[in-house]
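Reminder, nothing fancy here: chain letters follow the sequence lines and each chain counts from 1. The model shown is predicted, which means the values in this text are computed figures rather than measured ones.
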There are 2 protein chains.
Amino acid sequence: MDNEPLINAIKTVVDMPDEDLSMLLSCVTRHELKKGQAVLEVGQVCRHFYFVDEGYLRTWYNKDGVVINLNFTFEKGFTSNLRSFKSRSPSEYTIEAGEKAVVYIFDWDKIAAQHIDLPLVALFVRRVAVRLLLASEEHSELFKIYTPAERYHFIEKNNPRLLQRISLSQLASYIGVTRETLSRIRSKN
Amino acid sequence: MDNEPLINAIKTVVDMPDEDLSMLLSCVTRHELKKGQAVLEVGQVCRHFYFVDEGYLRTWYNKDGVVINLNFTFEKGFTSNLRSFKSRSPSEYTIEAGEKAVVYIFDWDKIAAQHIDLPLVALFVRRVAVRLLLASEEHSELFKIYTPAERYHFIEKNNPRLLQRISLSQLASYIGVTRETLSRIRSKN
DNA sequence: TTACGCCTGTGACAATAATCACAATCGGCA
DNA sequence: TGCCGATTGTGATTATTGTCACAGGCGTAA
């Protein structure tokens, strides 16, 4: 496997020597996804985590027939469903490509079975997990602390990529409002 | 130190032999708290995690003069501010006794310095951290997915202890509504 | 017992967001 | 170029929640 972005991202989390790196990479596979193609479906137990090389992954939830977006992961980002993985319970979320995408899939069980004795690999996996949880917590504090308009402006300021890449309709449920309300928030500068 | 609930709680997380346990317990201190007494103040960097033996701990922050409750931790529960700890940044939250309480305080840095070579102690600490993050994520998803009334009924079903121990006024901000709205939700069965 | 503080319930009204309906715009693609 | 479907903007109306005000209940302490 020869992928600079992936290797750079791993080394940013834990700067490991090539021997450890190649062991880790033996548990990773590359996948090209079409828009809408899922890496994790509702009802499956999550056994992987995902690195986005191109495109983006969208985590969403179906509430009474209405799609609610919980997360968007862009290039150089990791994502997963940690709760499903940790508790070995069926995922309530789907994780799928929001557009044509290239992702690397890390096999968590395979890493645990084969390389958990490698301290740097184990550290890498733990750090990714903690980062995912802290990121999820951060997004949720938007909801606890801010009003819908404040949430939009927070994202405008702190995560403008979202506004450039995600359609208003998709963004609305991520912010926790209807698309009409988001349109009106936006029209008021 | 002789405290059954604490030892049982530790062993429920990781069933370790007495040697490891006593090393871990050397980094724990017992504290009796009055109602309102804090274990972590806004602006401090969090260096501990907390086990509740009696009473409960309340995590809250001040938004424009209004108190917003983020968490209640009852007997046999652990809590902390992981973000502050992980990033060594000042806590935005206060963690204090919601009523007269007895808590055990784990010194995270001391454990890391003295006992991180003990695999079971290290495992214990990591598991507690992951559990705290998963619990926090779970509460967050209440906000992302449910309406205020649905949140109340979710708690009614999944965490009725909260309704028994926490006053309506305190619970309201935890659910993300005013106390008047919560009172009306409750009056509609 | 009474007085006081704290908590809860509720009415009236204002503010905010959802819902429904439809028009306008945009971007592929024949 | 012009069509078509998807997306966005916007008005009218309804539903929900917040804000303000005040009454009543409950426990504690003088």
N/O donor to acceptor pairs below 3.5 angstrom from side-chain atoms of residues 36-48 of chain B, sequence neighbours left out:
residue: B:Q37; atom: OE1; partner: B:K34; partner atom: N; Å: 2.9
residue: B:Q44; atom: OE1; partner: B:E41; partner atom: N; Å: 3.0
residue: B:R47; atom: NH1; partner: B:D109; partner atom: OD2; Å: 3.3

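- Within the structure, salt bridge (Lys or Arg N to Asp or Glu O under 4.0 Å) contacts touching residues 10-24 of chain B (residues at least two apart or in different chains) are B:K11-B:D18.
- The footprint of chain B on DNA chain C, defined by a heavy-atom cutoff below 4.0 Å, extends from C:dT8 to C:dA12.
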All N/O donor-acceptor pairs, side-chain side in residues 115-136 of chain B, below 3.5 Å, sequence neighbours left out:
residue: B:H115; atom: NE2; partner: B:M23; partner atom: O; Å: 3.2
residue: B:R127; atom: NH1; partner: B:V13; partner atom: O; Å: 2.8
residue: B:S136; atom: OG; partner: A:E137; partner atom: OE2; Å: 3.0

Point to revise | Under 4.0 Å protein heavy-atom contacts per nucleotide of nucleotides 16-21 of chain D, with B for base, S for backbone only and - for none | key: -SSBBB
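- Applying the under-4.5 Å side-chain rule to Ile, Leu, Val, Met, Phe, Trp and Tyr, the cluster around B:V67 extends to B:W60.
- Heavy atoms of A:S183 sit under 4.0 angstrom from at least one base atom.
- Among residues two or more places apart in sequence or in another chain, the ring-ring contact (aromatic ring centres under 6.0 Å, His included) test is passed with A:Y50 by none.
- Legend: ring pair (Phe, Tyr, Trp, His ring centres under 6.0 Å) pairs involving residues 13-37 of chain A, not counting sequence neighbours: none detected.
- Through ILVMFWY side-chain contacts below 4.5 Å, A:V66 is grouped with nothing and stands alone.
- In this structure B:Y174 satisfies the ring-ring contact (aromatic ring centres under 6.0 Å, His included) test together with B:F72, B:H139, sequence neighbours excluded.
- In this structure, the helix from C:dT1-D:dA30 to C:dA30-D:dT1 shows an angle of 30° between the axis at its start and the axis at its end, each fitted on 5 base pairs and rounded to 10°.
- With sequence neighbours left out, B:T178 forms a side-chain contact (heavy atoms from CB on, under 4.5 Å) with B:E180, B:T181.
- Summarising the geometry, the separation between CD on A:Q170 and C1' on D:dT7 is reported as 11 Å, rounded to the nearest angstrom.
- Seen from the ring of A:F85, A:R88 counts as a face-on cation partner, given the 6.0 Å and 45° thresholds.
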